[in-house]
Every structure is written in structure tokens, then in C-alpha cells.
Amino acid sequence: MSEMNMVQAINDALRLEMRRDDRVVVLGEDVGKVGGVFRVTAGLHEEFGEDRVLDTPLSEGGIIGTAIGMALYGLVPVPEIQFADFIFPGYDQIVSELAKYRYRSGGEYSAKLVIRTPVGGGIRGGLYHSQSPEALFIHVAGLKVVCPATPYDAKGLLLASIRDPDPVLFFEPKRVYRAAKGEVPEGDYTVEIGKARIAREAQKAARMVTVIAWGAMLYEAIAAAEEVKKKGIECEIVDLRTLWPLDIDTIVASVEKTGRVVVVHEAPRTCGFGAELVSLITERAFLHLEAPPERVTGFDTPFPYTLEMEYLPLAHRIVPALEKVAGF
Amino acid sequence: MHETGSRGTSSEPDRLLRALGDDDSLVSGLRVDEETRRALFSAMVRLRSFDDECVALQRAGTLPSFFSSRLQEAVICGAAQALADGDAVFPTPREYGVSLQRGVPAEELAAQILGKAGGRPEERSSKGRQAPCYVSFRAAKIASVSGIIGAHLPHAVGYAWACRVRKTSHVVLAFLGDGATSAGEFHNALNFGGVMKAPVLFLCRNNGVAISTPVARQTASETLAEKAHAYGIPGLLVDGTDAIAVYNAVRTWVDAARRGGGAMLIEARTDLLPDRDPIARLERHLMKDNLLSENAASAIDAAARAEALAAVNAAKGRPAPGRETLFDDVFAVVPRHLVSQRDHA
């Protein structure tokens, strides 16, 4: 075990898997000699050479499209999209090609990629370096969507994603790239895709709330939980880790225990993943609910530059929602 | 070979790369072996016969849509003839017929076009998922056809790059129509293909029109082949109704690519000559060179028509895929939410 931040943990996972499996290749804008704008791929070009770590032309459609071709051949490409906001020029390749390749070929082919991309706001990135587009991928049949919040999960989930037979969107919460630190095993281990984690257990109390969060917002949920604990509200925090396929059992078990739920995400509110979560919870745990579920989310606006801390669903916005459901 | 210059090539027919002259003889100095020339004819007749059967199915209402390859056979068959087994093909729906030349039984092709279930476990691709002509034959190294124009072109680049870095001598052929040259992925593919020095050939069938839109509304450039130059790869204009010319152009590229050569764009014009039927043209040539008799031509045609009819009839008799298969292959293993939708919806 050694303490790592998230950047180091992801770098460690990539290096480990590239040593273990020579089919794994990394490609993207500036991922080679420079090691990526966030340094996540640092040192890989040096160790594995330009046939395994490619600096590509500046086109996300070209990056995803050529990576699909490599995957059809039998390689295991791990393309990086420099910011999740830049994924849309490659969105057609993901939606129309990557997600559908196995299905449309009757299971003959699979185009297995892990698309790594930094996600979320809070780094003064403005409209085009801050967004959280996860729902737009969950809605597409055929993709798995992962978003770790801790270095341990980042390494274990990335190794699991690379070994998974299906295409994976791997969202890395860049606001906590270096802020999130923790013990990370040095060798090989995986964290199972599709399994949520109880990041904080609610102590038995009169007023309990389940908080569902992922990525950087996990830490806001923890801060809010500390705050309301002073007022006698106990929070159980579910860190989804994998957004799709969803670990609905862990969510339902927690809601059955607490009777209240608040979902937190950075993405805009309308048709955000919170809408689906609330819908599923209502379908499966309606009779256990003591209060209408609440969502604390980004607004239905583009992501703002100067006012980003107003936009983000930070702890000070989560606290009133917790009090509201607890006091219903 | 008339490679395009910096000012592009003329679109006059006599500036095209041709193998057959106006008198149906091979142009002087060109040598293409007899076996290849005969094989090209048989392949084109076989494809035309299959295509005719499918057009009949469309007219009868059995097929809701169909991408006929009529008059495009010289490009499809000429190019396929120049490849080896380990090479890969990334087609559009219009080149569904490339599968016949790559060893796919006509009945399997017909089954996919008719949306039928697979007959044997290894025929996994026949699950009725895609509309007619959006075929997929992995064993024949034919990629799954996309409905998004041009989307497959970067795939061909990545696959070809993988062939190269894995130290094989295999090459990749990607087909496209003239309309696809307007799509962003055409740019991506030629740009990446050039930079990555991938052994990929972009073979553009230019019949002068995409559905209703003429090439002049697709591009202001004089030819499509000249677009190659901006990407640092060679471009070539070839007569797309001359199967021997197409074969020769593709074969020349293939030989160079196996020795380490990179990407290339070939534009095959299929709309220029007054006699646009590539089969009639090759037939006249073979008869003139005494490589084909009237009787032999009739026999080839009869055998092809019999094969196509039998294939379509056999495929028609296959069952439609079962409802439960709708949920397969979205993921490698059917996940819980799909099990639920399958079993309870």
C-alpha cells in the first residue's frame, strides 16, 4: 500500500495493465511525450513506445473512430478525451458505432474501448472544460459508465474496465484528481463494475437520509452530512462508482433503511441521471419512502465560468435538501 | 497510372486510368493474366444475378429497401479480386456483394438481407438486426456496415494501423460513395490514415450523384481523387466501369502497402462512358481475346442465376429471429435491467 492521488492511481493502473497485456494501447491528444494535460499518462510513452502510446491529430471523432478499428482488430485501446466537454465531436462514433457494434453484427464483433475522460466543474474551466455528460451515455444502449471518487476505486475500476468485454466510459472527476488521496495497493486488484459502495453508514436515528452521489460530489455530500449530523440527521451516503449498469439493490436497501433520499449530481437537472434514480427508487421502494425524493443538481443552463460555484451542487446547497426531506 | 497533380486531374474519360481501350482491347503494354480476367467476369455475373434476385424481392414488397450494386460491379469485384484472405474490407451497404467473392455462401448473404435467424451456431450474424445490405461477416473479414455515411472510414484506419504494428502484411480496403466525401469522418480518416501511415485504401465509387444530389453540390473540387493531396497521400482516378483497371489500380496499391506503403484514395468514376455496363464491356473484351465463348458466357450466367435463386429461396425458408434474441448482444452478458425487460415487459 502507498498513498496516491487519483492521477497517480490511474497512471499506475494503465502502466500495470500495459505491462500485463500487450494489446492495450493508449491514444489521444497530447497523451504521449507530454503525458497528458493532467499528466495521467505520464511516463507511458517512455516505457511503451509510440506504437502503444499515440499522440493523435486533434479530432475526437478520429480518435474514437480509429480506436474502434483497433478494437475490431483485437487490440484493447484506451483513448483519452482531453475533457469530457470535447467528447461531442466523437459522440456519433460512440453512439452510432461503439455502442451498437456488437448488437448490429449479431454478436460477431465487439468494439471494446475504455474511453477515459476528465469530467466535472470547479477548476475554473468555463463552459467547455467543466461539464458532466454522463446521462447522455447511460441513455445509449450498449455502454457501461463508470465514475470513481477515490484513488482506490479509480485504479481498481480502471483495471476492471479494461478487462471488461463491453465498451466503458470512464469519467475521472478532475476537481479531485489531486485532492482525493488514499491508500492504494501496489499490485493488481479490481473493483467490480456495477457495485456501489456505502461511503458512510447511517447510525440508527429518528431521521435518516440516503444521499446518492458520485465523483467529486461525493465529498460535498460527506461535508453536508457532517453539517446536518449536528442537527440530529443521520446520512447514509451511497457512492455509485458505476453509474451503468446500476447497483439498484444497494440503493433500495439503503432507502428501505432510511426512508428518505437525496440525489446529488453536477449535470443539469432535467433528464439528468437523478431523474432515473428517483424513478427507479419510487418504483421499487415507494412504500418505504417517508418524504418525496429530492435532487440537488446543476442548473438547466450551460456551465458558467465566473459563477461556477453557484452552479455546482455544493454542500451548502445539499444541506437544505437534507433538512427538507428529514423534516417532511 | 495517372496520379493526380497539384492542379487535379481532368475529368475527361481519356484522362482516367483505363485498362480497356475503346476497341475493348487491353491498352498497350498492360498485362493482366487470363485467369484473373476470367475470374473478374464470373464474379461480376454472380453479383449481378444475386442483385437481380434481391431487386425482384424489393419490387415484390418482400424487402422494404435494397442497395442495388447494378453497374457498380467493376469497382466492387475488381477491388475484391486484388485482396488476399487475411485482408479486411470495410464496406457501405452498396458493396454488400463483396461477401460473395470472399467466400460467404450466397444463402448466408441472402439470410442477412432478409433479416432471418442464423441457421447454425457459427452463423451468428444472421439475427435480423440490420436493414437489408447492412451486412457483417467476421469470418470473411468484412466489417459490420454502418448507417452513418463515412463513419466506418476511421475504423478502417485503426484496423489497418493495427495490422501494421502487429507486424502482419495485411491491408485494408474501405469503400465509400461520392457523398461520403462531404462527411467529417472522411476528413478524419484521410487525415489519421496519412499521419499514422496506415495500409488502408479508400476506394470511392463516384457515380455522380448521392440519392438526388449531384457531385457538384458535394464539392467544388474538380475531382474527388485530388482531395488526397492535402492529406499527404496519393490520389488516383480510375475508370470504374473497367474491372481490369480497378483490379490493376488496387493490386498495385496492395503490393506497395504490403511492403510498407501507406494510405491512398482512389476515385472510381462509374458515370462517364456512354456504355456504363461493366459486365458487357468485359464480356466483349474476353470474347475478343478468345478467353470466353458465347456458350461459356451463357453457362456462367445460368449457373449464377440458379445459385442466386436457390440462395434466396433457401433463405426465405429460414425462421425469423425469436423475440428473446432482441435483448442479446447489447452487452456481452445480458444485464439485469434487460433480463427484466425481456422477461416481464
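By convention in this document, chain letters (A, B, ...) are assigned in the order of the sequence lines, proteins followed by strands, and residues within each chain are numbered from 1.
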Discussion item. So for A/Asp92, is it side chain, backbone, both, or neither that comes closer than 4.5 Å to the heavy atoms of chain B?
Written reply: side chain
Discussion item. Taking side chain as everything from C-beta outward and backbone as N, CA, C, O, which of these in A/Ser59 sits under 4.5 Å from a heavy atom of chain B? Side chain, backbone, both or neither.
Written reply: both
Discussion item. Run A/Leu54 and A/His45 through side chain to side chain contact (heavy atoms under 4.5 Å, CB included) and show every step you take.
Written reply: CA-CA 8 Å; A/Leu54 288 84; A/His45 184 271; over 6 Å; no
Fill in: Which atoms of B/Tyr134 approach chain A - backbone, side chain, both or neither, heavy atom under 4.5 Å
neither
Fill in: B/Phe50 and B/Tyr96 aromatic ring geometry - parallel, tilted or perpendicular at 30°/60° bounds
tilted
Discussion item. Below 4.5 Å, heavy-atom pairs only: which of A/Leu72, A/Ile248, A/Ile64 has the largest tally toward chain B?
Written reply: A/Leu72
Discussion item. Under 4.5 Å from any heavy atom of chain A, what part of B/Ala143 do you find: side chain, backbone, both or neither?
Written reply: both
Fill in: More than 12 heavy atoms of other groups within 6.0 Å of A/Glu256 CD
yes
Discussion item. Quick check on the interface: out of B/Val165, B/Val135, B/Asn191, who has the most heavy-atom pairs with chain A under 4.5 Å?
Written reply: B/Val165
Practice prompt. Tell me, yes or no, whether the heavy-atom count around B/His337 atom NE2, taken from other residues, nucleotides or ligands under 6.0 Å, exceeds 12.
Written response: yes
Worksheet item: Non-hydrogen atoms of chain A under 4.5 Å away: do they reach the side chain of B/Arg336, the backbone, both or neither?
Response: side chain
Worksheet entry | salt bridge (Lys or Arg N to Asp or Glu O under 4.0 Å) evaluation trace for B/Glu324 with B/Arg342 | CA-CA 7 Å; B/Glu324 72 284 357; B/Arg342 182 188 67 198; over 6 Å; no
Discussion item. Quick check on the interface: out of B/Ala189, B/Gly184, B/Pro335, B/Cys163, who has the most heavy-atom pairs with chain A under 4.5 Å?
Written reply: B/Cys163
Worksheet item: Should A/Arg52 and A/Glu47 count as an ion pair when the cut-off is N to O under 4.0 Å?
Response: no
Worksheet entry | A/Leu246 side chain near A/Ile251 side chain, heavy-atom distance below 4.5 Å | yes
Worksheet item: Which bit of A/Ala67 is near chain B, if near means a heavy-atom gap under 4.5 Å: side chain, backbone, both or neither?
Response: neither
Discussion item. I'd like to know if the side chain of A/Lys144 and the backbone of A/Pro245 have a donor-acceptor N/O pair within less than 3.5 Å.
Written reply: no
Discussion item. Does A/Tyr91 form a ring-ring contact (aromatic ring centres under 6.0 Å, His included) with A/Phe137? I'd like the steps, not just the answer.
Written reply: CA-CA 9 Å; A/Tyr91 194 57; A/Phe137 297 93; 5.2 Å; yes
Discussion item. With a 4.5 angstrom heavy-atom cut-off, is it the side chain or the backbone of A/Asp164 that approaches chain B, or both, or neither?
Written reply: neither
Discussion item. Could you tell me if the side chain of A/Trp214 sits less than 4.5 Å from the side chain of A/Arg241, heavy atoms only?
Written reply: no
Worksheet item: Does the pair A/Val263 and A/Glu276 meet the rule for a side chain to side chain contact (heavy atoms under 4.5 Å, CB included), with working shown?
Response: CA-CA 10 Å; A/Val263 182; A/Glu276 182 66 28; over 6 Å; no
Discussion item. Below 4.5 Å, heavy-atom pairs only: which of B/Leu338, B/Thr325, B/Val330 has the largest tally toward chain A?
Written reply: B/Val330
Item to complete: With chain A as the partner chain, list the residues of residues 144-161 of chain B whose heavy atoms fall under 4.5 Å from it, by residue number, and write 'none' if nothing qualifies.
Response: B/Ser144, B/Val145, B/Ser146, B/Ile148, B/Ala151, B/Pro154, B/His155, B/Val157, B/Gly158, B/Tyr159, B/Trp161
Discussion item. Counting only heavy atoms from other residues, nucleotides and ligands, does the tally under 6.0 Å from OH of A/Tyr128 exceed 12?
Written reply: no
Practice prompt. With a 4.5 angstrom heavy-atom cut-off, could you sort out which part of B/Leu190 is near chain A: side chain, backbone, both or neither?
Written response: neither
